[in-house]
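Reading through the structure tokens given below for one structure.
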Amino acid sequence: MRRISLHRPRNGIPFITFFDIYPSCSAITIRGHSNTSISVKGKFGVNSNFENVKCLDDALTLFHQMVRMKPLPSLVEFSKLYKTMLNMKHYSAVVSLFGEMQKSYIQIDGFILSIVINSYCLMRRVDCGFSVLPIYLKSGIPFNVVTFNTLIRGFFAENKVKDAVNLFKKLAKEKICEPNEVMYGTIMNGLSKRGHTQKTLSLLRLMEVGKTKPNINNYNIVIDALCKDRNLDAAINLLNEMKQKVIPPDIVTYNSLIDGLCKLGQWEKVMTLFSEMRNFNIYPDVHTFTMVIDGLCKEGKVEDAEEVMRHTNEKGVEPNIFTYNVIMDGYCLRGQMDRARSIFDFMIDKSIEPDNICYNVLINGYCKKKNLAEAMQMFCEISQKRPKPNMVTYNTILQGLFEVGRIGSAKQVFAEMLSTGPIPDLCTHTTLLNGYFKYGLVEEAMSYFNKLEIKRLSTDIGFYNAVINGLCKNGELDKAHTIFEKLSIMGLLPNSRTYNTMITGFCLEGLLDEAKAMLRKMGDNGCLPNEVTYNVIVQGFLRYSKISEMSTFMKEMAGKGFSFDATTTELLINVIRKNPSVLDMIPHFHSENKK
DNA sequence: GTAGGGTTAG
């Protein structure tokens, strides 16, 4: 069967399309340099060749077959192949195949160039993405909104927010291209994901009065940002605005809102949204159920969560790996590792391949139960599989091993991480330091710390808190104090944990005046003393029987509505037993505390 | 055939 069709596309170049049977390449549209397209349909349908591309080798083989064909396949087929490769994350391979195309003088078009720019952006090389722009000019291909949207996404991928926004502004100002809803969406999404919810909302308002009116996606981005900020009232107001403007919310809109409400435990409102959705003929999907299940699990209601999972099945929605991971985490949080492991086996029975998160959840669960045998078993299991253990896996198992004192194994795992694993992050460094300090290995801790300082890899206050705490606990208060004083020079702001750690350190050494001075300094630096601070300092005075000063701080505590923790209470009882008159020194406290 | 939104782990 042969069909010939002649049509004239917008750019004015005529295309002639043939449909025929072509055994050697059964599903490829072929276009010669004269812009003649020949589409060959085989028994597997038009896309079958790309569905069969399972790995990089398949893609390369097919590409080389394609470039040798006469006449050449159409650029549509080349872009389909490139897209398939991008989906498999073979970004640099796309770039090099594009190079081969250029060397062979194969004609290119704007689609191909956008894909090449995207490949660079996905490799986090937006700079190389820009270097593709001259090819447009040389080839007489006009830039379009996709070209620049891809580059804007590239900037965001490298966290270059200002560059992204500047490019966006430049495009509009110099009339290089008219931003559309997608481009607004890209900017809004980039800003909202970095906490700039108000700017995102302003852009939506700008769109409302401008030429490009916001679509459902633009609203969804803002609603999700508001929900993530726990500003559910504002999010629901925006939902109502959408309804008024006859932009009907969709499942994504409702999922953002339901997730926000679940995280706040506002279950009645969740139910209201569920019934509202039904009125709009929008049905909950696997995301909706998973978020509800997650919310219930985080409140410890895992049985209810399992009930919802059964309900999910009744509604014809299949739980996916997210759902199972969430339920497993729920059981792990409650220490019910047997239940978590049944879910795990059940999932495998359903032919769902466990992923990294799944293993990490279980490893964390076993570590929390101090069952390092099982944790290590799972760690070894994942080490022999793909995907390989990631940073979270290593950090979890390291923490677990240190927790139970298996320092040798921890060192072994860390060495393995350095040689074949992911690059350690700040959490790894902090875990390692905490571990060394906990077991008195001060020299090892400090030599590791110094190495990191030289490499300037330690730029986080949480990390310094670990060092300061470790030094204080190992009787090295002076060194801790020196590092504390250095923080401001490095431009790091101490937080309440930093101060509390230093105050604890001073109290342990009986340097109560220094402790007191540090507490007063906290307020000056905009970091108010909290319940922990007061408990720590009161404990200090109690240990050194400075009853009248203790009384002063207790009064302040009472004024701020802070309570004693277990340690303070115990110390206080011991002091009162020895000397009952102390009771009169204690200010009017909650009667509960006084008993 | 190229660019966009919502769910999980340390």
Side-chain angles (χ1 to χ4, degrees), chain A residues 29 31 46-47 50 73-84 86 109-119 121 144-154 156 179-190 192-193 215-225 227-228 250-260 262-263 285-295 297-298 319-330 332-333 355-365 367-368 389-400 425-428 430-431:
Chain A
T29 303
R31 181 202 281 176
V46 171
N47 288 321
F50 299 100
S74 78
L75 290 175
V76 175
E77 303 310 323
F78 278 103
S79 53
K80 277 183 188 168
L81 174 63
Y82 283 176
K83 183 70 193 172
T84 307
L86 287 193
D109 68 3
F111 285 82
I112 296 284
L113 292 179
S114 290
I115 295 173
V116 174
I117 293 179
N118 198 22
S119 307
C121 290
N144 65 19
V145 65
V146 178
T147 317
F148 292 108
N149 191 53
T150 308
L151 288 167
I152 291 175
R153 275 173 59 80
F156 278 122
N180 62 6
E181 303 91 328
V182 176
M183 192 178 268
Y184 271 102
T186 304
I187 292 281
M188 290 165 77
N189 195 33
S192 74
K193 289 289 178 314
N215 65 10
I216 182 157
N217 181 39
N218 302 115
Y219 277 97
N220 284 349
I221 292 169
V222 182
I223 287 184
D224 190 58
C227 289
K228 294 274 187 308
D250 66 1
I251 184 66
V252 175
T253 325
Y254 280 106
N255 280 349
S256 291
L257 290 160
I258 288 173
D259 185 44
C262 288
K263 289 204 160 72
D285 64 5
V286 65
H287 289 241
T288 329
F289 286 118
T290 303
M291 292 183 295
V292 171
I293 290 169
D294 184 44
C297 285
K298 293 280 173 352
N320 64 15
I321 190 151
F322 280 75
T323 326
Y324 291 116
N325 284 347
V326 164
I327 289 262
M328 272 189 274
D329 194 39
C332 288
L333 282 173
D355 63 1
N356 253 327
I357 296 182
C358 178
Y359 277 98
N360 293 348
V361 163
L362 286 175
I363 291 172
N364 185 44
C367 285
K368 288 278 155 14
N390 63 16
M391 208 146 59
V392 179
T393 327
Y394 276 100
N395 292 347
T396 309
I397 198 80
L398 283 172
Q399 186 131 31
D425 69 349
L426 261 172
C427 181
T428 323
T430 311
T431 302

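The distance between atom CG of A/Leu113 and atom P of B/dA3, rounded to the nearest whole Å, is 14 Å. In this entry the distance linking CD1 of A/Ile251 with P of B/dT7 reads 13 Å, nearest Å. One atom, CG of A/Asn218, and another, C1' of B/dA3, lie 14 Å apart when rounded to the nearest Å. As a whole-Å value, the separation of A/Ile117 CD1 from B/dG1 C1' is 16 Å. Taking atom CD1 of residue A/Ile321 and atom C1' of nucleotide B/dA9, one finds them 12 Å apart after rounding to whole Å. Computed from coordinates, the A/Asn118 CG to B/dG1 C1' distance equals 13 Å when rounded to whole Å. Rounded to an integer number of Å, the gap from CD1 of A/Ile327 to P of B/dT8 is 14 Å. Atom CZ of A/Phe111 is separated from atom C1' of B/dT2 by 6 Å (rounded to the nearest Å).
A donor-acceptor contact under 3.5 Å is formed by the side chain of A/Asn180 with the base of B/dA3. Under 3.5 Å, the side chain of A/Asp250 and the base of B/dG5 form at least one donor-acceptor pair of N or O atoms. Remark: the A/Asn149 side chain and the B/dG4 base include no donor-acceptor N/O pair separated by less than 3.5 Å. Side-chain atoms of A/Asp109 and base atoms of B/dG1 include a donor and an acceptor less than 3.5 Å apart.
Listed nucleotides B/dG1, B/dG4, B/dT7 differ in distance to A/Thr290; the shortest reach to its side chain belongs to B/dT7. Residue A/Val326 has its side chain nearest to B/dT8 when only B/dT8, B/dA3, B/dT2 are considered. In this structure, of B/dG5, B/dG1, B/dA9, it is B/dG5 that holds the atom nearest to the side chain of A/Asn220. In this structure, of B/dG1, B/dA9, B/dT7, it is B/dT7 that holds the atom nearest to the side chain of A/Met291. Distance from the side chain of A/Asn325 is smallest for B/dT8 among the nucleotides B/dT8, B/dT7, B/dA9. In the set B/dG4, B/dA9, B/dT7, the nucleotide with an atom closest to the side chain of A/Asn360 is B/dA9. In this structure, of B/dG5, B/dT8, B/dG4, it is B/dG5 that holds the atom nearest to the side chain of A/Lys193. When distances are taken from the side chain of A/Asp259 to each of B/dT2, B/dT7, B/dG5, the shortest belongs to B/dT7. Proximity note for A/Lys263 (side chain, C-beta onward) versus B/dA9, B/dT8, B/dT2: the nearest is B/dT8. If you check B/dG5, B/dG1, B/dA3 against the side chain of A/Lys83, the one that comes closest is B/dA3.
Contact between the side-chain N/O atoms of A/Lys368 and the OP1/OP2 oxygens of B/dA9 is not found at any separation under 4.0 Å. OP1 or OP2 of B/dG5 lies within a sub-4.0 Å distance of a side-chain N or O belonging to A/Asn189. In terms of phosphate contacts, A/Lys228 brings a side-chain nitrogen or oxygen within less than 4.0 Å of OP1 or OP2 of B/dT7. Regarding contacts with the backbone of B/dA9, a side-chain N or O of A/Lys298 is found under 4.0 angstrom from either OP1 or OP2.
Within 4.0 Å of A/Thr396, counting heavy atoms only, lie sugar-phosphate atoms of the nucleic acid but no base atom. When heavy atoms are screened at a 4.0 angstrom cut-off, A/Leu362 is found touching no nucleic acid atom at all. A/Asp224 comes within contact range of the sugar-phosphate backbone alone, with a heavy-atom separation under 4.0 Å but no base atom that close. Within 4.0 Å (heavy atoms only), A/Asn356 reaches no atom of the nucleic acid at all.
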Test A/Thr253 against A/Tyr219 for side chain to side chain contact (heavy atoms under 4.5 Å, CB included), laying out the working first.
-> CA-CA 8 Å; A/Thr253 325; A/Tyr219 277 97; over 6 Å; no
I would like to know whether A/Thr186 and A/Asn149 meet side chain to side chain donor-acceptor pair (under 3.5 Å); could you show each step before the answer?
-> CA-CA 7 Å; A/Thr186 304; A/Asn149 191 53; 2.7 Å; yes
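Stacking between A/Phe322 and the base of B/dT7 is present: ring centres sit under 5.5 Å apart and the planes differ by under 30 degrees.
At a threshold of 4.5 Å between non-hydrogen side-chain atoms, the residues A/Thr393 and A/Asn356 count as touching. For the pair A/Ile117 and A/Cys121, the minimum side-chain heavy-atom distance is below 4.5 Å. At least one side-chain heavy atom of A/Asn189 sits under 4.5 Å from a side-chain heavy atom of A/Ser192.
A/Phe78 pairs by the ring-ring contact (aromatic ring centres under 6.0 Å, His included) definition with A/Phe63, not counting sequence neighbours.
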Got a list of side-chain donor-acceptor pairs under 3.5 Å for residues 322-329 of chain A, not counting sequence neighbours?
residue	atom	partner	partner atom	Å
A/Thr323	OG1	A/Thr290	OG1	3.0
A/Thr323	OG1	A/Asn320	N	2.9
A/Thr323	OG1	A/Asn320	O	3.3
A/Thr323	OG1	A/Asn320	OD1	3.0
A/Asn325	ND2	A/Ile321	O	3.4
A/Asn325	ND2	A/Asp355	OD1	3.4

